[in-house]
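Note on naming: letters A, B, ... go to the chains in the order of the sequence lines (proteins, then strands), and numbering restarts at 1 for each one.
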Protein chains: 2
Amino acid sequence: MRTVRRLRKETDGEHSVSVIAALGSLNSHGPLTLSELADAEGMSRPSVTVLAAALLDHGLIAKEADPSDRRLVRIHLTPSGKRVLDQSRTRRNAFLAKRLGTLNVEELRTLDRAASILLRLVETSR
Amino acid sequence: MRTVRRLRKETDGEHSVSVIAALGSLNSHGPLTLSELADAEGMSRPSVTVLAAALLDHGLIAKEADPSDRRLVRIHLTPSGKRVLDQSRTRRNAFLAKRLGTLNVEELRTLDRAASILLRLVETSR
DNA sequence: TAAGCTAATTAGTATGGCTAACCAGTTTGG
DNA sequence: CCAAACTGGTTAGCCATACTAATTAGCTTA
């Protein structure tokens, strides 16, 4: 919890962690339906509807209808959204670099391995 | 974020992550003033006031005045609070055990080392 | 002893998520 | 082939959790 609060503060202005996370999913998975995004982010469909509306509002994503199934709304990053994501990464990296600079190579490697393991745990969780 | 949302859901009813975290701080550090707790949890004093009021309401902590400085409010775990903390750990451990069971010893060791490193990072942050 | 500092609180606000209920499409079984 | 059931998305209403700004009480110091 401490870490989350800390990171939220460090992200500072601009865009929330959830927004950046959603952009990240879209970036790595390509276009997604809202349900797919909800699933990827581990949040409810209604919440994603709201989040997507905000992203659309800021011009970070675009919606497109699926021609074969008119219930589906597929969204994808706009160039602007990609830019925001990249900038956020740069800013976040600057912060992390400062903090992680106090670690030695062995410790960094441990964190890297741990990240892979945790990612796998989360991915396979239902 | 995914992990946080997941854990929040998994903690299920009973008490929130923040509550348990606060109880944990009190358990490991002993009695704390509200400001000290705010500092330990990385949250603002007003937020801690509210949190502490909730804990008091549930009988998980007790307040005591500092005789030498009457501005200070020192809080400590009640037996009931200790019990809740222990139960939460048991429940959380059951969940983690199920999930971590899929990892081998080497991976578990990596996570353990990573946890120490991250804890150190957070502790030394500001 | 007044001025200023610190601890805690109160009040008001924002964010970010949820469930329940609903509508619009699609699929399926009689 | 059409009614029932299901699925994707949305809307409405709500709750939890945290914040900042302002206030109060107590302490410290010039």
Check: [Y] and [X] side chains under 4.5 Å, non-hydrogen atoms:
X       : Y       : value
B/Glu36 : B/Asp39 : no
B/Ser25 : B/Leu37 : yes
B/Leu34 : B/Leu72 : no

Nearest whole angstrom, please: distance from the [atom2] of [N] to the [atom1] of [X].
X       : N      : atom1 : atom2 : value
A/Leu51 : D/dT11 : CG    : C1'   : 16 Å
A/Met43 : D/dA16 : CE    : C1'   : 15 Å
B/Ile20 : D/dT17 : CD1   : P     : 11 Å
B/Asp66 : D/dA25 : CG    : P     : 19 Å
B/Arg70 : C/dC5  : CZ    : C1'   : 17 Å
A/Glu64 : D/dG9  : CD    : C1'   : 16 Å

Inset, instruction - Treating a pair as Watson-Crick (purine N1 to pyrimidine N3 plus N6-O4 or O6-N4) or G-U wobble (N1-O2 and O6-N3) with both distances under 3.5 Å, list the stems of 3 or more consecutive pairs that involve DNA chain D. - result: C:1-30 with D:1-30
Legend entry - Within residues 31-57 of chain A or reaching into it, pairs that qualify as ring pair (Phe, Tyr, Trp, His ring centres under 6.0 Å) - sequence neighbours excluded: none
N/O donor-acceptor pairs under 3.5 Å from side chains in residues 51-69 of chain A, not counting sequence neighbours:
| unit_1 | atom_1 | unit_2 | atom_2 | d |
| --- | --- | --- | --- | --- |
| A/His58 | ND1 | A/Ala54 | O | 2.9 |
| A/Asp66 | OD1 | A/Ser68 | N | 2.7 |
| A/Asp66 | OD1 | A/Ser68 | OG | 2.9 |
| A/Asp66 | OD1 | A/Asp69 | N | 3.2 |
| A/Asp66 | OD2 | A/Arg74 | NH1 | 2.8 |
| A/Asp69 | OD1 | A/Arg71 | N | 3.1 |
| A/Asp69 | OD1 | A/Arg71 | NE | 3.1 |
| A/Asp69 | OD2 | A/Arg71 | NH2 | 2.8 |

Legend entry - Side-chain N or O of B/Ser16 closer than 4.0 Å to phosphate OP1/OP2 of D/dT17: yes
Legend entry - Phosphate contact (D/dT17 OP1 or OP2) by B/Ser18 side-chain N/O below 4.0 Å: no
Inset, instruction - For each nucleotide in nucleotides 6-14 of chain C, reading 5' to 3', give B when a protein heavy atom comes within less than 4.0 Å of its base, S when such contact involves only the sugar-phosphate, and - otherwise. - result: BBSBB----
Inset, instruction - Output all residues satisfying side chain to side chain contact (heavy atoms under 4.5 Å, CB included) with B/Ser35, sequence neighbours left out; order by chain, then residue number. - result: B/Thr33, B/Arg45
Inset, instruction - Tell me, please, which residues at least two apart from B/Arg83 pass side chain to side chain contact (heavy atoms under 4.5 Å, CB included). - result: B/Ser80, B/Gln87
Legend entry - Qualifying residues under side chain to side chain donor-acceptor pair (under 3.5 Å), relative to B/Ser44, sequence neighbours excluded: B/Ser47
Inset, instruction - Name all pairs fulfilling the salt bridge (Lys or Arg N to Asp or Glu O under 4.0 Å) condition that reach into residues 105-115 of chain A, sequence neighbours left out, sorted by first residue then second. - result: A/Glu107-B/Arg120
